[in-house]
Amino acid sequence: MSTSSITHRVEVPIDQPLDLPLTLESGQAFRWHEVDGVWSGFIAGGLVTLERLDGGLAVECSTDAAPGISDAVHRYFRMDDDLPAIYEHLSKDERLTDVIQQHWGLRILRQDPWECLIAFICSQNSNIPRIAQMQESLANELGETVTMGDIKRMAFPTPDVLASAGEDVLRKLALGYRAKYVAKTAEIVASGGLTPHALRDKSYEDAKAELMALPGVGAKVADCVLLFALDKLEAVPIDRWVRRAFEEWYLDGEELPYNELLAWAHKTFGANAGYAQQYLFFRRRQGQG
DNA sequence: CCACGGCCTGATTC
DNA sequence: AGAATCAGGCCGT
């Protein structure tokens, strides 16, 4: 257990659109908790709280993490993505123009690749509340306790810990048949067979191929990790919602295989295809046309 | 390469 | 009420 009674507070200025609840509850990340407008979660492995201020964020972290916390927050929220410019690029489409207005400040995150990988292996054939519950169970049962002031959270378990827990323990945490995938993937990562964060330095195609070699990782899960953790904004996770959005709204109802939809999205939305996906996903899930 | 059934679980629907 | 159905898919045949 790591405890620090002395915490560091800093105000991080932000000159980019950022809607905290939209971004943190958009189904990219599953472990942010909000109480009275204060969000607790982990950034760069450390427990932090975030609170939206005019012009920035109030951030609390441990004194250990304090020196780099401003940079870490900027990296986590991808503040280098010029959202207004991306909006302008995507707004050639009236439907996207509308959904951008409705979800101004919804950003793609740059998450921890290991945690993100496990979360999206767990996401298959499930739903957001249950994915969140599975991640919380993994942390509560197998993670390290971290406290900061009166905030107490469990860190996400390391590959070593998940690997040694094994399938049976993971099944007891209600992962279902995903337990085997998580256990095997954890073994591979723990033994050095794959280094999740190292995939950032590879091309989209190479990184995707490595991810898809893991058990429980297909094209959709791989694209989620590539987009939400590995800096690949050209990744377009095509779930049933996005598929319906593409096919019904843009392709006159034509049904296409995953890779053809992906190629179409790249041709249509270019380098910002990942952002287009995130906004259309929202609109489609809300049942809007 | 594509089609299909099976899979854990929990909430919702019928 | 208890049984189907569905939920941000993947794997094996």
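Quick caveat, the model's predicted, so the values are computed rather than measured. Lettering of chains follows the sequences in order, A, B, ..., and the numbering in each one begins at 1.
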Let me see the working for A:Phe282 and A:Trp241 under ring-ring contact (aromatic ring centres under 6.0 Å, His included), right down to the final yes or no. CA-CA 9 Å; A:Phe282 255 74; A:Trp241 298 103; over 10 Å; no
Picking from C:dC11, C:dG9, C:dG8, which would you name as closest to the side chain of A:Cys224? C:dG8
Output yes when at least one side-chain N/O atom of A:Arg178 is less than 4.0 Å from OP1 or OP2 of C:dC10, else no. no
Checking base pairs now: Watson-Crick or wobble, both atom distances under 3.5 Å. What partners B:dT12? C:dA4
Base, sugar-phosphate, or nothing for A:Ile121, non-hydrogen atoms under 4.0 angstrom? nothing
Determine the contact category for A:Gly218: base if any of its heavy atoms lies under 4.0 Å from a base atom, sugar-phosphate if only primed atoms, P, OP1 or OP2 are that close, otherwise nothing. sugar-phosphate
Considering only heavy side-chain atoms of A:Arg244, the closest of C:dG8, B:dC2, C:dA7 is C:dA7
Pairing of A:Arg107 and A:Asp81 as salt bridge, 4.0 angstrom limit: no
Can you confirm whether A:Asp223 sits close enough to A:Tyr258 that some side-chain heavy atom of one is under 4.5 Å from a side-chain heavy atom of the other? yes
Nearest heavy atom decides the nucleotide; on that basis, is A:Gln124 or A:Ala174 closer to the 5' end of DNA chain B? A:Gln124
Nearest to the side chain of A:Asp239, which nucleotide is it out of B:dT9, C:dA7, C:dG8? C:dG8
Taking any heavy-atom pair under 4.0 Å as a contact, classify A:Val242: base, sugar-phosphate, or nothing. nothing
Considering every strand and a 4.0 Å limit on heavy-atom distances, what is the contact class for A:Leu214: base, sugar-phosphate, or nothing? sugar-phosphate
Using a cut-off of less than 4.0 Å, is there contact between a side-chain N or O of A:Arg240 and OP1 or OP2 of C:dA7? yes
Rounded to whole angstrom, note down the P distance from C:dA4 over to B:dG6. 14 Å
Expressed in whole Å, how much space separates the C1' atoms belonging to B:dG10 and C:dC11? 23 Å
Any donor-acceptor pair under 3.5 Å from A:Arg31 side chain to A:Ala155 backbone: no
Look at the side chain of A:Lys220 against the base of C:dG8 and say whether a donor-acceptor pair falls under 3.5 Å; ignore hydrogens and angles. yes
Pairwise P distance for B:dG5 and C:dT5, with rounding to whole Å: 13 Å
Is it the case that the base of C:dG9 and the side chain of A:Tyr177 share a donor-acceptor contact (distance under 3.5 Å, atom types as modelled)? yes
Can you tell which of B:dG10, C:dA7, C:dG9 lies closest to the side chain of A:Val221? C:dG9
